[in-house]
There are 2 protein chains.
Amino acid sequence: MTTARFESIRGLPLFAEMTEESFDTLTRGAFVQNFPPNMVMISEGEVADFLHIVQSGCVELFSTWSNRETSVATLYENSTFILAATMKNRLNLMSARTLQKSRIIMIPSENVREVFATDPNFALAIVDELSRCYRATIRNMKNLKLRTSLERLANYILKQHHRQGDLLEYQLPVEKRRLASYLGMTPENLSRAFNKLKPHGVVVSGQNICITDLTALVDFAKPDLLID
Amino acid sequence: MTTARFESIRGLPLFAEMTEESFDTLTRGAFVQNFPPNMVMISEGEVADFLHIVQSGCVELFSTWSNRETSVATLYENSTFILAATMKNRLNLMSARTLQKSRIIMIPSENVREVFATDPNFALAIVDELSRCYRATIRNMKNLKLRTSLERLANYILKQHHRQGDLLEYQLPVEKRRLASYLGMTPENLSRAFNKLKPHGVVVSGQNICITDLTALVDFAKPDLLID
DNA sequence: AGGCTGTCTTGATATTTATCAATCAAATGT
DNA sequence: ACATTTGATTGATAAATATCAAGACAGCCT
């Protein structure tokens, strides 16, 4: 079967409920591409010809303006990106680069729009994914506008702690300078912020994060269901 | 016909292409509600039972955390809100209050989801609206992360200028303290920022904005297709 | 191992932004 | 029209954050 290479994504929420026929139509003309690390795959301002899915590796979404750059998100296995631009056939608002050697599945935007119109289950899945990403972005904006950089860092540490199985000690999944950019601060400021969190129960050494006083950290970070 | 009161929204992009039958189903159980100014209609954390549409008046979306508040958007006639939470039957991430006396159309979330599943044209319109709002939020975030508050203000003034028919002189559509909150700054800082823009061709007096040197302002603001 | 490169950290300083307090101006109610 | 309230401005100061420069450290190459 020609779609065998796309079996890895068949089970994702976005594709799980659609018919075989729809999946075939969708993946006709789709392909897998290998990228080396640190390669810009998409530049903001280009037309979104393909829906992208990270099959393996790791991708950073970022944006630039007037010589400045900011990291918007880091995506891992099974994440989709540029769905909104794909659906509306618009320009990408963000750029994307690989952080590691990565395999990316690319599905022609036309196919996505075509199957959307014919398969109600796929349509529903698209809306779920869109809503999820939209809401994530709103949370992100609240985080930026309502919290200081120190508070953002504290909550980031808590969220990673939770993602990594509630371990009190874990490794940062990204470089610090990217984390700084993601949190809306400079690397220097991030470095100092880590130190300022020591009294709130966080000890950092290299990529290693150790939460020495979870209660104190939670108390300072005040994580919130509607932001984090 | 029982849906006569909803004729005002029938022509909106979100509802224009759907069948009569779908529109009837959608508006069954829907109603119009009048709110006085400064009334909180929705509090973040509540379940999104209704899709809201501003029929007349003006609504502010805002969020709070730990004694702080930030303005996320100001909506006028024909705007919909909480669409994402409605589609996924989730908690609202934002609160909403009227800024003026307003008429709001409220459509039960269940109806929206029901018709979404049966009317492909409505499904398409929903995705369009979701994508539009999502992309607007990404632009907003880029604006916040890539620009200083002075640059954000300069671009805001340019955008309003454009919205108000390219007039060089116009009235601010919102109170300054709300504008400050929307732009992610304090009222004091906004006040000073207006003064700092004088050398860049902006004169402010009360609600009145006068662009005395459009070239200079554009030169400073560097408006961008992918942000503004 | 040695050298190279890029990231991270630290210190000194400048800029941006917030806070607090006081005054001023404008809108509102009676 | 007056008093009252709310929002806007201004000044003085503090806090947060960025910038610049230097040094420390780690990973990588040959």
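Sequence lines set the chain letters: A, B, ... in the order given, protein chains first and strands last, and positions in each chain run from 1. Predicted, not measured: the structure shown is a model, and the values here were computed from it. Values reported hereafter were calculated over all heavy atoms of this structure, with side chains retained and with hydrogens, waters and symmetry mates removed.
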Criterion ring-ring contact (aromatic ring centres under 6.0 Å, His included) on A:F6 and A:F31, from CA distance to verdict: CA-CA 9 Å; A:F6 304 116; A:F31 54 92; 8.8 Å; no

Under-4.0 Å salt bridge between B:E69 and A:K145: no

Distance in angstrom units between B:F194 CZ and C:dA25 C1', rounded: 16 Å

Test item: side-chain donor near acceptor, B:T74 and B:E60, under 3.5 Å: no

Side-chain N,O (B:T148) to OP1/OP2 (C:dT16) below 4.0 Å: no

Of the listed nucleotides C:dC20, C:dA18, C:dA12, the one nearest the side chain of A:R192: C:dA12

Whole-Å distance separating the CG atom of A:L99 from the C1' atom of C:dT7: 15 Å

Atom pair distance, as rounded to whole Å: CG in A:L190 and C1' in C:dC8: 10 Å

Overall bend - the helix from C:dA1-D:dT30 to C:dT30-D:dA1, comparing terminal axes fitted on five pairs, nearest 10 degrees: 50°

Presence of A:K176 side-chain N/O under 4.0 Å of C:dT9 phosphate oxygens OP1/OP2: yes

Selection from C:dT19, C:dT17, C:dT9 that lies nearest to any side-chain heavy atom of B:S149: C:dT17

Distance in angstrom units between B:Q171 CD and C:dA27 P, rounded: 11 Å

Check ion pair A:E151-B:R68 (N to O, under 4.0 angstrom): yes

Separation between NE2 of A:H52 and CG of A:L61, rounded to the nearest 0.5 Å: 10.5 Å

Ion pair check, B:R10 and B:E7, cut-off under 4.0 Å: no

The single option from B:K142, B:K222, B:K159, B:R147 passing salt bridge (Lys or Arg N to Asp or Glu O under 4.0 Å) against B:D228: B:R147

Residue closer to the 5' end of DNA chain D, B:R177 versus A:M185 (nearest nucleotide): B:R177

Value in whole Å for how far the C1' atom of C:dC20 lies from CG of B:N189: 15 Å

B:R97 NZ/CZ over B:F62 ring centroid, <6.0 Å and within 45° of normal: yes

Considering all heavy atoms, the nearest A:F81-A:L51 contact: O-CD1, 3.5 Å

Distance in angstrom units between A:L172 CG and C:dC8 C1', rounded: 12 Å

B:R178 with B:E175: basic N within carboxylate O range, under 4.0 Å: yes

Chain A footprint on DNA chain D, 5' to 3' - any atom under 4.0 Å from a heavy atom: D:dT17 to D:dC20

Shortest side-chain distance from B:E188, nucleotide among C:dT7, C:dT10, C:dT19: C:dT19

Between C:dT17 (C1') and B:E151 (CD): distance, integer Å: 14 Å

A:L146 CG - C:dT17 P separation (whole Å): 17 Å

A:N195 vs C:dT10: side-chain N/O to OP1/OP2 distance below 4.0 Å: yes

